[in-house]
Amino acid sequence: MRLRFNLALGAFLTTLVILAGLLAPWLAPFDPVLDADLMSSELPPDGTFWFGTDAQGRDVYSRILYGAQISLTVGIVSQVINSVIGVTLGMTAGYWGGWWDDLVSGLTNVMLAIPSLIFALAVMAVLGPGLPSLLIALGLTNWSWTCRIARSSTLSLKSQGYVQAAQTLGYSDLRIMFTQILPNMMGPILVMATLGMGSAVLSEAALSFLGLGIQPPFPSWGSMLTDAQRLLQLAPWVAVFPGLAIFLSVLGFNLLGDGLRDSLDPHMRTRKP
Amino acid sequence: MLQFTLRRILQIIPTVFVVALLIFVIFSVVPGSFAASLFADGRTAADPELMARLNRELGLDKPLLERFVIYIVDLAHLDLGTSFRTRQPVIELINSRIWASLELAMAAMAFAILVGVPLGFLAALRPGSILDTVTMIGAVSGLSIPQFWLGLLMMYVFALQLNWLPSFGYGDGSWRNIILPAVTLGVTPLALLARTTRAGVLDVMSADFVRTAHSKGMSEGQVVRWHVARNALVLIVTTVGLQFGSLIGQAVVIEKLFSWPGIGSLLVDSVAIRDIPVVQGAILVIVLWFLVINTAVDLIYAAIDPRIKQG
Amino acid sequence: EGERQGGTLNFTAPYGSSFATLDSQASPNTQEEFITQAIHRSLYSWDSLKNEPVLELATSADVSEEGTVYTYHLRENAVFHNDKPLTADDIIYSYLRIAAPQNAFPGASYIANIAGAAEYIAGDAEGISGLKKIDDHTLEITFVAPINPGFALMMNTTAIYPSNVDEASFVTAPVGLGAFKFEEHVPGSQVVVTKFDKYYEEGKPYLDRVNLILMGEDAARDVAFRNKEIDVSILGPTQYQAYQGEEGLKDNILEVAEVFTRNIGFNPAFEPFKDKRVRQALNHAINAPLIIERLVKNKAYPASGWLPVSSPAFDPDKPAYDFDPEKAKALLAEAGYADGFEFEVTASPNESWGVPIVEAILPMLQKVGVTVRPRPVESAALGDAITSNDFQAYIWSNQSGPDPLNALRCFYSKTLQSACNYASYASPEFDALYEQAQQERDPAKQIDLLRQANNIVQDDAPVWFFNYNKAVMAYQPWVHGLVPNATELALQPYDEIWIDETAPDSRN
Amino acid sequence: MTEPLLDVRDLVLDVPHGRGSLPILNRVSFQIHPGEAYGLVGESGSGKSVTSLAIMGLLKKPLRVSGGRIGFQGRDLLTLPKREMRKLRGDRIAMIFQEPMTALNPLATVGRQIAEMFMLHQGKSRAEAAPLAVAALESVKVPNADRRARSYPHEMSGGLRQRVMIAMALACNPDLLIADEPTTALDVTVQAEVLRLIKDLCAERGTAVLFISHDLGVIASVCQRVGVMYAGCLVEENETAALFETPRHDYTRGLLGALPRLGSRAAQGRQRLIDIDSIIADRSRLTETRFITPRREETP
Amino acid sequence: MTAPLLEVDDLHVRFPVAGTGLTGRGKRLLHAVNGVSFSLAKGECLSIVGESGCGKSTAALSIMGLQEPTEGEIRFRGRPMTGPSAPTRMERAKAVQIVFQDPYASLNPRQTVWRSLADPLRLHGITAKSESADRIAALMRSVGLTPEQAGRFPHEFSGGQRQRIGIARALILEPEIVVLDEPVSALDVSIRAQIINLLLDLQDQFGLSYLMISHDLSVVEHMSDRVMVMYFGQLVETGSWQQIFASPAHPYTRRLIAAIPDPAHFGRISAEPFIDAPNMFAPPAASDLTEIAPGHFIRRTALEGAARA
Ligand SMILES: Nc1ncnc2c1ncn2[C@@H]1O[C@H](COP(=O)(O)OP(=O)(O)OP(=O)(O)O)[C@@H](O)[C@H]1O
Ligand SMILES: Nc1ncnc2c1ncn2[C@@H]1O[C@H](COP(=O)(O)OP(=O)(O)OP(=O)(O)O)[C@@H](O)[C@H]1O
Ligand SMILES: [Mg+2]
Ligand SMILES: [Mg+2]
C-alpha cells in the first residue's frame with residue numbers, strides 16, 4: 001500500500017517537474033530573463049506575480065517554471081553521462097576481469113574516496129561556472145556507484161546460464177554485453193540514475209551557493225536560492241519558492257527511485273506491508 | 001588479524017597517490033592564479049611586475065613536470081608544501097582547521113546515530129505502523145532538502161526568532177555554537193541511517209536463522225537482542241563509516257554558511273584565491289580521512305563478522 | 001564627551017571566513033587590515049575627518065626645496081609591544097623587508113617611490129639608497145619625484161615592524177606599535193587583541209579588548225548583529241534597506257562614500273566599442289539611478305565620472321549621463337549599429353558589481369537593440385581575465401582614490417593594460433593634462449588639472465560609469481567613536497572607540 | 001494403540017485474497033505416536049512446509065489457520081497462549097530446517113547457539129550452558145566437539161552444520177522433532193550420514209519425528225509411515241512398505257514410477273518413466289478427491 | 001567402437017586463490033580439475049558423477065570453451081579446441097552445446113523464446129525468415145511445446161517448460177554433442193521424468209552424444225552408456241554403466257552407490273566409512289588408471305590413499 005502511494009507521489013512530482021519544464025513557454029506569464037522591471041522588484045505574491053518578484057523585478061513563478069528545464073537538464077544529462085561512464089566501465093570490468101578490472105576498480109575506489117561535492121567543485125573551478133561545465137562536473141562525479149553496481153551485476157549475470165549459453169552459441173563479447181547483460185541490469189541502473197537526478201539537483205544548489213553553479217541569468221533553482229539568500233528577510237518568497245521547488249522535485253526523484261527499486265526487487269516488495 | 005590490519009592500511013597508499021596525481025593535474029589547468037586573485041576585489045590596482053615576481057617566488061614559473069616531481073617528493077616526506085597566501089606550511093594551516101571540522105563531523109554523526117538508529121530500529125520492529133510511516137517519510141524528505149536552505153531556515157528560527165542558540169561561528173568553542181551546524185549537517189546521515197537501519201533490521205528479521213531462533217522458543221525481544229541486533233549492526237556500521245568518512249567533504253557548504261572554521265571553508269576559500277598547495281593539502285587530508293575511516297570500518301567489521309578475516 | 005575606559009568590542013571582519021596571515025606586510029587583502037589597524041602603525045595614517053594622510057610615527061617632517069627629500073623626526077615615546085622603542089632602524093628594516101625581492105610583498109610598489117628602491121626590488125642593489133638614518137629618531141627619505149609620500153606610506157602593507165624579532169614569528173605572533181597587542185588567533189574564527197599599556201597616545205585606547213570576528217556571510221552577520229552578538233556590522237544592500245526601515249536599527253548607521261568606482265569597462269579591441277558614440281550610447285541606455293535605487297538599495301552614489309564624490313578632484317558641476325534610450329538609439333544608429341549588436345560582460349558573482357547588475361541592465365540594453373550576455377567567472381579568475389585583456393567588456397569595482405593623481409594613472413596611455421589601464425584608454429588630451437598635473441607642485445592647480453582630465457575621461461566613456469560605493473556600517477547604540485573612513489569604512493581607529501554602560505554584560 | 005503424541009485434525013490454512021481467501025491446506029489430518037517416524041512427501045508447493053510451520057506456531061503474516069486443531073500431548077496448540085507455546089517450542093517440539101547455511105546465525109559461535117537452548121529452557125547461565133553444548137555436539141558425533149563449539153558456522157561444511165542443527169534441536173530431548181527437508185542441500189554421501197544420525201538418535205531417545213521430503217527414497221529409509229501430500233491435501237497415507245508395494249492413489253503411483261530406481265535397468269532394461277501429468281489428466285479435480293487411508297479403501 | 005567425437009587429454013584447470021599475506025601475496029592454486037582424460041563416441045551418453053565441488057562443472061565448462069584449461073588438450077573430431085589453433089566461438093558453437101541445471105537462470109528474461117532461438121540462427125547465417133521459422137517450429141514441437149508458445153517470455157513458463165526451452169536452445173544449431181549439467185536436479189520430482197524421457201527421445205531422434213553431469217546415481221544409471229567417477233579433480237573409476245553399478249571397484253564409488261536411499265530397501269541406511277578429503281591445493285600426483293576389466297578402469301593411488309585413511 002505504502003509502496004504504491006510513494007511510487008505514485010514520486011511519479012506525480014516528477015511528472016509535475018517535467019510538465020513545468022516542457023510547458024514553461026506556455027505556462028509562464030513572463031519571460032524569465034527579459035521581463036525584468038526594476039520598478040516592480042521584490043513584490044510579494046499577488047494576482048499578477050503568483051510567487052512574487054525577485055530583486056531584478058522578474059516573476060519568480062515564471063523563473064521557477066523555466067528553472068525546471070534547467071534542473072531536468074542537469075538531472076538527466078548528468079545522469080546519462082554518469083550511467084554511460086559507469087555502465088561502460090563497470091560492465092567491461094566485470095565481464096573481462098583481469099588487469100582492466102583492477103584498473104577500473106582502483107579508479108572507482110579513488111573516485112569514491114574524493115567527496116563528490118569537492119570533486120565537482122574542482123572540476124567547476126577548472127571549467128568555470130555555467131551549465132555545460134556543471135553538466136560535465138556532475139557527470140564525472142557520481143559514476144563510481146553506478147560502476148560498482150554495473151560491475152557486480154555483470155559478475156552475477158555472467159554466471160547466469162543464458163549468458164554462458166550465448167557464449168557457447170557464438171555470440172561476440174560485445175553482443176553478449178549489449179543483448180544479454182545490459183538489458184538485464186537496466187533496473188538497478190535506472191534506479192541509481194533516478195536517485196542520482198535528485199542528488200544532481202541538490203549538488204547544483206550547493207555549487208551555486210559556493211559560487212560555482214550555473215550563473216544567472218539562467219533561472220536555475222540553485223542560483224535563485226543563492227541570490228535569494230540575502231533577501232530572506234525583505235522578500236522571503238524569493239527564497240521559499242525555489243527552495244520548495246528543489247525539495248519537491250528531489251523528493252519526487254527519490255520517491256520514484258525508491259519505488260522503482262522496491263518494485264524491481266520482489267524481495268523488498270514482500271517485506272514491505 | 002594483524003596482517004589483515006596492516007594490509008588494509010597499506011592499501012591506502014596507492015589510492016592517496018592517485019588522488020594526489022588527479023588533483024595536481026586538475027589544479028594545474030585551473031584558470032586564474034593566486035597572484036591575480038590578490039587584486040580581484042579591485043581594491044588595489046593590479047601590478048604586473050609584482051605578479052611576475054610572486055609567480056617566480058612561488059615557483060609557478062617552473063615547468064609542470066618539475067613542479068609535479070617536487071610535489072610528489074615533498075609528499076613522500078609528508079610535506080604538503082607552503083601556502084601561497086600565508087606562507088605557512090600547509091600542514092600547520094590544516095592542523096589549525098581540521099579539529100573544528102572533526103568536532104563538527106562527530107557532533108553531526110552523534111546526532112545522526114543517536115536519533116537515526118533507534119528510529120530505524122523501531123520502524124523496522126513495527127513495519128507499517130504510524131511511527132514507521134512517519135520515520136520513512138521524514139527520512140526521504142531529509143534526503144531531499146537542500147542543506148543550506150535548511151541551515152538558513154534553522155538559523156532564522158532558532159537563532160533569530162527564538163533566540164535560543166548562537167547563529168554562527170565557533171565562538172569560544174562551547175557546545176551551543178555547534179548545535180545548529182551539527183544538526184543541519186546531520187540530517188542527511190540521519191535520514192540514511194534511519195533507512196539503512198530499518199532495511200537492515202527487516203532484512204535480518206526475514207533471515208532463516210531468525211526463524212531458527214523463534215523455533216527455539218525465544219521471545220521477540222530475545223530474538224532481537226540475541227540475534228538481530230548484532231547482524232543489523234554490520235550494515236549500520238558500514239553506513240556510519242561511509243557517512244562519517246564523507247561528512248567532512250559534505251560539510252563544505254555548512255561550514256561556509258555557519259562560518260565554521262573547518263577544513264571545508266579553508267578549502268573553498270583557498271580554491272577561490274587559487275592557493276593551490278592548501279587546496280591540494282586539504283583535499284588530500286579529506287580523502288585520507290575517508291580512507292582511514294573506511295579502513296577502520298573494515299576492521300570493526302572484521303571484529304564483528306568472523307567471516308571477513310578469512311578472505 | 002564622556003569617553004569611558006574598559007570593555008570589549010566585538011568587531012566583524014566581513015571579507016571572508018579567515019585571516020590569510022597575521023603578517024600584515026605580506027597581505028594586500030582588506031581582511032588582514034583589521035589586524036593591522038589594531039596592532040600596527042605606519043609612518044603616515046589616514047585622517048578620515050580631514051580626508052588626507054597625516055604623519056603618524058613622526059612628529060614633523062622637513063621637505064627639501066625640490067620636494068623629493070623628507071626628513072622625519074620620529075616620535076620618541078613610541079614603543080613596540082616587545083618593549084623595544086621605535087628607532088629609524090625599524091623603519092629602514094621594515095621597508096627593506098617589504099621590498100625584498102624574494103618576499104614579493106604587495107607593499108613593494110609603495111616603497112618603489114623611494115630613490116634606489118627599484119634597483120633593490122629588482123635584485124640589483126644591496127640596499128635602498130634613498131633611506132638614510134640620521135640618528136635614532138631622525139630618518140631621511142629621498143623620493144624619486146616630488147610626490148605626496150603619505151598616500152603610499154600610510155598603507156597597512158607598509159606597517160612598521162620591530163627590527164629585533166625573528167621574522168618567522170610575524171605570521172603567528174605579530175608585534176607592532178599599535179594601541180592593542182596580539183593576544184590570540186583562533187583560526188577561522190577570530191583574532192583577539194588587548195589593550196597595550198605603553199601606547200604612545202596618552203589615555204588611549206579606551207577598550208580593554210577587541211575581538212575581530214570572522215564572518216563572511218551577510219546573513220550570518222545580520223542574525224548575529226540583531227542578536228547583539230556583535231557590535232558593528234558591515235551592511236549589504238538589502239540589509240541596508242531593511243535596517244533603514246527598522247526602529248532601533250536605523251539610528252545607528254554610519255555611511256560614507258568610499259573611493260571605489262563601479263564600472264563596466266569596454267575593450268576597444270572589440271569592434272563596436274572602438275566607436276566613442278557606442279560607448280556613450282550605452283551610458284545613456286542604462287538607467288543607473290534606477291538600478292542604484294532598486295537593486296543596490298541606494299547603497300551607492302550614481303557615478304558621474306571616474307573620480308568619486310569624496311575625491312578632491314571631483315567635479316560637482318559635471319552632469320552624469322542622463323538616462324535617455326532615444327538618444328542612445330540615435331547614437332547607435334549614427335555609429336552604424338541601428339540594429340544593435342551583441343556583447344559579453346565578464347562578471348564575477350559579486351552582488352554589487354557582478355552578475356546581478358548585468359542581469360538588471362540586460363533588459364535595458366535589449367530595449368535599444370543591444371544584447372548582452374553575462375560571462376560568469378569566479379572572483380579569482382576575474383582579475384586574470386581582465387589583466388590578460390581577454391574580454392569584450394567586464395564589470396568591476398576599482399579604487400579611485402583617495403589620491404586623484406594615482407587614481408587617474410589608470411587612464412594614462414603609458415600605463416600598461418595589465419597594470420590598471422584595463423580599458424586600454426589612450427587620449428592625447430588626457431595624457432597632456434595628466435603629465436602637467438604630475439609636475440604641478442601647487443596642490444590647488446594640480447587638482448584643477450586632474451578635474452579637467454577626469455572630465456575628458458567622462459566624455460570619452462571608456463567605461464560605463466555606474467556608481468561610487470556607499471559603505472554602510474551598523475553599530476550597536478553603545479558604541480562610540482566610529483569615523484567615516486572613505487578609504488574603507490570597515491577600517492576603524494580602534495584606539496578612538498569606546499563603549500558605554502548600556503553594552504551587554506558580556507562586553508562591559 | 002497408544003494415545004497419539006501429535007494429532008492434526010482437519011487443519012485448514014488459507015491466505016486472504018481480495019474479499020475471499022486462497023486455500024493452502026485443505027482439511028489435513030494425521031497422527032504421530034510417541035517414538036514414531038512419520039514422513040510427509042509431495043511435490044513442491046503441496047503444503048508440506050506450511051504444515052510443519054503451523055505445528056510450530058511460526059506461520060508468517062498473510063497465512064492463517066482457519067480451521068481444525070493441532071493436538072499435542074492432549075493440548076490444542078492453536079489455542080495455546082503465546083507464552084505457553086514458546087515454552088513448548090524448542091523444548092518439547094524442535095525443528096530442523098533445510099538450509100543449514102542460513103539457518104544458523106553467522107555471527108555467533110555454534111556452541112553459543114546450542115547453549116541458548118539450555119539457557120532458554122533449563123534456566124542455565126551462560127557458563128553452565130557451555131559444557132552442555134559441547135556435550136550436545138559430541139552426541140551428534142562431531143569430532144573435536146570442544147574446539148568445534150568455538151567455531152562459526154562458515155567454518156564448517158554443510159554436513160557438520162546440519163549436525164549442529166540436530167544437536168541444537170535435540171538438546172532439550174524434545175518429544176517431537178520436525179525435520180523439513182534436512183538433507184536436500186547435502187551431497188549424497190553426507191545425506192546418508194545425516195539421515196542415519198537422525199534415525200539413530202531419535203530411536204535412542206524415543207523422539208517422534210515428522211520428516212518432510214520430496215524424495216521417497218529418503219522417506220523410506222527413515223520413516224515407518226508416510227503421508228502423501230498433493231495440492232494442500234493429504235491424499236494417501238500408509239505404512240511405508242505397504243505404500244511402496246501397493247500405491248493406491250494415482251498421484252502416489254505416478255510419484256513412484258516417475259523416477260528411475262537403482263538396479264531396475266539392470267533387472268528389467270531401460271523402461272520409460274511414468275509421466276505424472278499423463279496419469280493425472282485434470283489436476284484441479286485432484287484437490288477434491290478424498291483422502292485415502294488403508295482402512296477406507298476407495299479410488300477416486 | 002567408432003572414432004571418438006570428443007577427446008579430452010590430461011585436462012588440468014587450476015584457479016588462483018588470493019592468499020592472506022601482507023599484500024595479498026602467497027596466492028595458492030586450487031586444483032579443480034587435475035589430469036582428466038576421456039573420450040566420447042558418437043551417440044553415446046557418458047556421465048560424470050562425484051561429490052559437490054569435485055570439478056565436474058569446471059571440466060564441462062572447459063569443454064564448452066567457457067573456461068580456459070590450464071593444461072591439456074581437448075579435441076573435437078581430432079581437431080584441437082584449445083591452444084593456438086583453437087576454433088573461434090562461432091565455429092565451436094556447432095560442435096558442443098550445453099543445458100544448464102537452473103531452468104530459471106538459463107533463459108534471458110528480457111527476450112522472447114523466439115528471439116532466444118532465432119538470434120543464434122541469424123548469427124550463424126540463416127537469415128531467411130521462413131527457414132528459421134520452420135526450424136524453430138519443428139524444434140519447439142520436438143521438445144514438446146507448440147510453436148505458438150515461442151512468442152512468450154520465459155516468466156510465462158513453468159520450470160519444466162523452461163528446461164524444455166533450454167534444451168531447444170541447445171539443439172537449435174544442431175550440435176553433435178550436448179553437455180547436460182545436472183539437467184533435472186533443480187526440477188520437481190514430478191517433472192523430472194518428462195525431461196529424462198525427452199532427453200532420451202531426442203538422443204535417438206538426432207543421434208546426439210551426451211556428456212552428463214549428475215550426482216543422482218539412479219538417473220545416471222538410467223541414462224548412461226558409460227560412467228566416470230570423479231573425486232577431488234581426478235577420475236577415480238570409469239567403466240560401462242553395468243560395470244560401475246554392478247561391480248564398483250573404487251571405495252569412493254562404492255560409498256557413493258551405497259549412500260543412495262532406495263525406496264525398495266526402506267528402513268535401511270548404509271554409509272561406508274568416511275574418507276578424508278584430499279587437499280585441493282596439493283593434490284596427489286596423478287597416476288595412471290589401471291584396467292581391471294575390459295573398459296573398466298580404476299585409479300590405484302587414490303584407492304590406496306583412501307584405504308590408508
Ligand atoms: N507467505 C505465503 N503467502 C502466500 N502463499 C504462501 C505463503 N507461503 C507459502 N504459500 C503457499 O503455500 C503453498 C504451500 O507451500 P509450502 O512451502 O508448504 O510447500 P512445500 O510443500 O513445502 O514445497 P517445497 O517442497 O517447495 O518446500 C504453496 O502453494 C505456496 O505458494
Ligand atoms: N572461477 C572459479 N574461481 C575459483 N575457484 C573455482 C572457480 N570455479 C570453480 N571453482 C572451484 O573449483 C572446484 C570445482 O568446482 P565445480 O563447480 O567444477 O564443482 P562441481 O563438481 O560442478 O560441483 P557441484 O556438484 O556443486 O556443481 C570447487 O572447489 C570450486 O570452488
Ligand atoms: Mg518446503
Ligand atoms: Mg556443478
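So you know, we letter chains A, B, ... as the sequences are listed, proteins then strands, and number each from 1. Since the model is a prediction, treat every value here as computed from it, not as a measurement.
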For the [atom1] atom of [X] and the [atom2] atom of [Y], what is their distance to the nearest 0.5 Å?
{"X": "S144(B)", "Y": "L248(A)", "atom1": "OG", "atom2": "CG", "answer": "9.0 Å"}
{"X": "Q250(B)", "Y": "I118(A)", "atom1": "CD", "atom2": "CD1", "answer": "9.5 Å"}
{"X": "W149(B)", "Y": "T226(A)", "atom1": "CH2", "atom2": "OG1", "answer": "13.0 Å"}
{"X": "Q147(B)", "Y": "L117(A)", "atom1": "CD", "atom2": "CG", "answer": "9.0 Å"}
{"X": "F253(A)", "Y": "L143(B)", "atom1": "CZ", "atom2": "CG", "answer": "15.0 Å"}
{"X": "I114(A)", "Y": "F290(B)", "atom1": "CD1", "atom2": "CZ", "answer": "10.0 Å"}

Among [options], single out the residue with the greatest number of heavy-atom pairs under 4.5 Å to chain A.
{"options": "V16(B), L152(B), L267(B), V29(B)", "answer": "L152(B)"}
{"options": "G249(B), G245(B), A272(B)", "answer": "G249(B)"}
{"options": "V140(B), L22(B), V18(B)", "answer": "V140(B)"}
{"options": "P31(B), S246(B), P14(B), A282(B)", "answer": "P31(B)"}

Measure distances from [X] to the heavy atoms of chain A and classify the residue's part below 4.5 Å as side chain, backbone, both or neither.
{"X": "I283(B)", "answer": "side chain"}
{"X": "L247(B)", "answer": "neither"}
{"X": "L153(B)", "answer": "neither"}
{"X": "I26(B)", "answer": "both"}
{"X": "V271(B)", "answer": "side chain"}
{"X": "L242(B)", "answer": "side chain"}

Selection from [options] maximising heavy-atom pairs under 4.5 Å formed with chain B:
{"options": "G198(A), G252(A), G106(A), A122(A)", "result": "A122(A)"}
{"options": "L127(A), L225(A), L107(A)", "result": "L225(A)"}
{"options": "L112(A), V123(A), V201(A)", "result": "L112(A)"}

Shortest non-hydrogen contact between A125(A) and V30(B), atoms and distance
O-CG2, 3.3 Å
Side chain to side chain contact (heavy atoms under 4.5 Å, CB included), that's the test. Do F17(B) and V110(A) meet it? Break it down for me.
CA-CA 9 Å; F17(B) 178 80; V110(A) 168; over 6 Å; no
Under 4.5 Å heavy-atom distance to chain B, tell me which part of L121(A) shows up: side chain, backbone, both or neither.
side chain
Just wondering, do [Y] and [X] contact through their side chains at under 4.5 Å, heavy atoms?
{"X": "I23(B)", "Y": "F119(A)", "value": "no"}
{"X": "S141(B)", "Y": "F247(A)", "value": "yes"}
{"X": "P115(A)", "Y": "I248(B)", "value": "no"}

Decide yes or no on side chain to side chain contact (heavy atoms under 4.5 Å, CB included) for F209(A) and L257(B), but give the supporting numbers first.
CA-CA 9 Å; F209(A) 175 79; L257(B) 180 67; 3.9 Å; yes
N109(A) versus T15(B), side-chain donor and acceptor atoms under 3.5 Å
no
